[in-house]
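First up is the structure itself, then whatever we jot down about it.
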Amino acid sequence: MSRASKLPPFDPGDPLGIDDLLDAEDLAVRDTVRSWAADRVLPHIADWYERGELPGIHELARELGSIGALGMSLDGYGCAGATAVQYGLACLELEAADSGIRSLVSVQGSLAMYAIHRYGSEEQKQRWLPGMAAGEIIGCFGLTEPDHGSDPAAMRTYAKRDGGDWVLTGRKMWITNGSVAGVAVVWAQTDDGIRGFVVPTGTPGFSAPEIKHKWSLRASVTSELVMDEVRLPGDAVLPEVTGLRGPLSCLSHARYGIVWGSMGAARSSFEAAVSYARTREQFGRPIGGFQLTQAKLADMAVELHKGILLAHHLGMRMDAGKLRPEQVSFGKLNNVREAIEICRTSRTILGANGISLEYPVMRHATNLESVLTYEGTVEMHQLVLGKALTGFDAFR
């Protein structure tokens, strides 16, 4: 018998055989999240997106908690303790449904919960993390300001001591989950440097007006945070970190999820294009039989599965404790950029139908325009890599 006859059949859905890198538990996590998204998100997401709403977000959060998707890579306090690869697979499946759903999970787990888990006191962890892991408490993460995005060191939000208390004043902008959150992790200048504060959102002086009129991430709650002399007890500060190292480490953890998630949006758009090309007829036959269409599909498949392979590689490095921030920048820069191109090319295959919400392509494309910017713009990740490659800091 020849060697070739023993080869497994070619799988158009997994042309590189990446599933062979996953163990049974990895596949179980992926299938659980995929099934949840198919049942709870996909039947409704076009309507939610068109209306610019995410109804029932508290119920969705509790359901995500019940399947272990919130803070899933953290240990203890009700968290699943999953591997980085398993968390990445979950992000991919969530964003294949919609970037807004993945953002809800990413901000909850990789930003708000991660900050408390890594830098909080034991009392803060016990108070907040179990409820957040269960989805009973939604969290948000306040770093970006109206005038300071890529340069968080210049933030104006300030916390000053007043006896044994802290008094927090300032504004944060483009905050996912803000107006539905029960707790906010807010970063502020202090006399001792930048510190993080755990802020119950019911505290007097705190408000979170929702941002409307978005053309991207429409099925996601995005808010401004306003702190008008919010008085907090002395133990509201995260005790284990001072300086930008705190928020930037949280962002690196969240960016890792984007490396995977962006490939979910790309996969959804690519699959829509393949399905359409097999059934849409022009000039007497399916357009998938024409060379130009096949060239587009082949190029998209190459970039999609290269991106998933890159995400898996970074996940293995994270699980081994070897993942550097520059490598996360590498992944986010490449995968989000390629995901947008896959969506745009898929749209050309669908023709005029590509702009319809009957198909997921335009929704994913517009969502990815936000993903391209948040948690580090293209330019910032290029400069992170540029500094790593040359040794020269070109940020200023």
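Below, all heavy atoms of this structure are taken into account, side chains as well, without hydrogens, waters or symmetry copies.
Taking 4.0 Å as the cut-off between side-chain N and carboxylate O, Arg51 and Asp47 count as a salt-bridged pair. A salt bridge does not link Glu338 to Arg344: none of the charged nitrogens lies less than 4.0 Å from a carboxylate oxygen. We find that Arg156 and Asp147 are joined by a salt bridge, their nearest charged nitrogen and carboxylate oxygen being less than 4.0 Å apart. A salt bridge does not link Glu303 with Arg337: every distance from a Lys NZ or Arg NE/NH1/NH2 to an Asp or Glu carboxylate oxygen is 4.0 Å or more. The pair Asp228-Arg171 does not meet the salt-bridge criterion, since no charged nitrogen lies less than 4.0 angstrom from a carboxylate oxygen. Salt bridge status for Arg40 with Glu63: present, with a side-chain N to carboxylate O gap under 4.0 Å. A salt bridge links Glu271 to Arg267: one of the charged nitrogens lies within less than 4.0 Å of a carboxylate oxygen. Salt-bridge formation is not detected for the pair Asp191/Arg161: no Lys NZ or Arg NE/NH1/NH2 atom is positioned less than 4.0 Å from an Asp or Glu carboxylate oxygen.
Panel note: side chain Ser110, backbone Val107; no donor-acceptor pair is recorded below 3.5 Å. Remark: side-chain polar atoms of Ser223 are paired, donor with acceptor, to backbone N or O of Ser179 under 3.5 angstrom. Side-chain atoms of Lys125 do not come within 3.5 Å of backbone N or O of Arg118 as any donor-acceptor pair. Formation of a donor-acceptor pair under 3.5 Å by the Arg255 side chain with backbone atoms of Glu375 is found in this model.
Proximity of Thr144 to Lys172: side-chain heavy atoms (C-beta onward) are nowhere separated by under 4.5 Å. No side-chain heavy atom of Glu281 sits less than 4.5 Å from a side-chain heavy atom of Arg285. Looking only at side-chain heavy atoms (C-beta outward), Asp23 and Asp26 come within less than 4.5 Å of each other. The shortest side-chain heavy-atom distance between Ser103 and Leu217 falls under the 4.5 Å cut-off.
Note that Arg218 lies in the cation-pi zone of Trp215, set by a 6.0 Å cut-off to the ring centre and a 45° limit from the axis.
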Stepwise side-chain hydrogen bond (donor to acceptor under 3.5 Å, both in side chains) check, Ser370 with Ser216: CA-CA 6 Å; Ser370 290; Ser216 180; 2.7 Å; yes
side-chain hydrogen bond (donor to acceptor under 3.5 Å, both in side chains) between Thr176 and Tyr374, worked out: CA-CA 11 Å; Thr176 297; Tyr374 69 32; over 6 Å; no
side-chain contact (heavy atoms from CB on, under 4.5 Å) between Thr169 and Met227, intermediate numbers included: CA-CA 5 Å; Thr169 298; Met227 284 77 60; 5.5 Å; no
Steps toward side-chain contact (heavy atoms from CB on, under 4.5 Å) verdict (Val167, Val230): CA-CA 5 Å; Val167 178; Val230 174; over 6 Å; no
Check against side-chain contact (heavy atoms from CB on, under 4.5 Å), Ile355 and Leu350: CA-CA 8 Å; Ile355 71 167; Leu350 270 70; over 6 Å; no
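Note on ring orientation: taking the six-membered ring where Trp is involved, the planes of Tyr359 and Tyr276 are perpendicular (angle over 60°, cut-offs 30° and 60°). Using the six-membered ring where Trp is involved, His253 and Tyr114 have ring planes that are parallel, under 30° apart on the 30 and 60° scheme. Below 30°, between 30° and 60°, or above 60°: for Trp260 and Tyr256 the angle between ring planes is above 60°, a perpendicular geometry.
No side-chain N or O of Lys160 forms a donor-acceptor pair with one of Thr190 less than 3.5 Å apart. The closest side-chain donor-acceptor pair between Lys214 and Thr222 falls under 3.5 angstrom. For Thr157 and Glu145, the side-chain atoms include at least one donor-acceptor pair closer than 3.5 Å.
Within a 6.0 Å sphere centred on CD of Glu25, heavy atoms belonging to other residues, nucleotides or ligands number 12 at most.
Heavy-atom minimum distance, Ile194 versus Ala153: CD1-CA, 4.2 Å.
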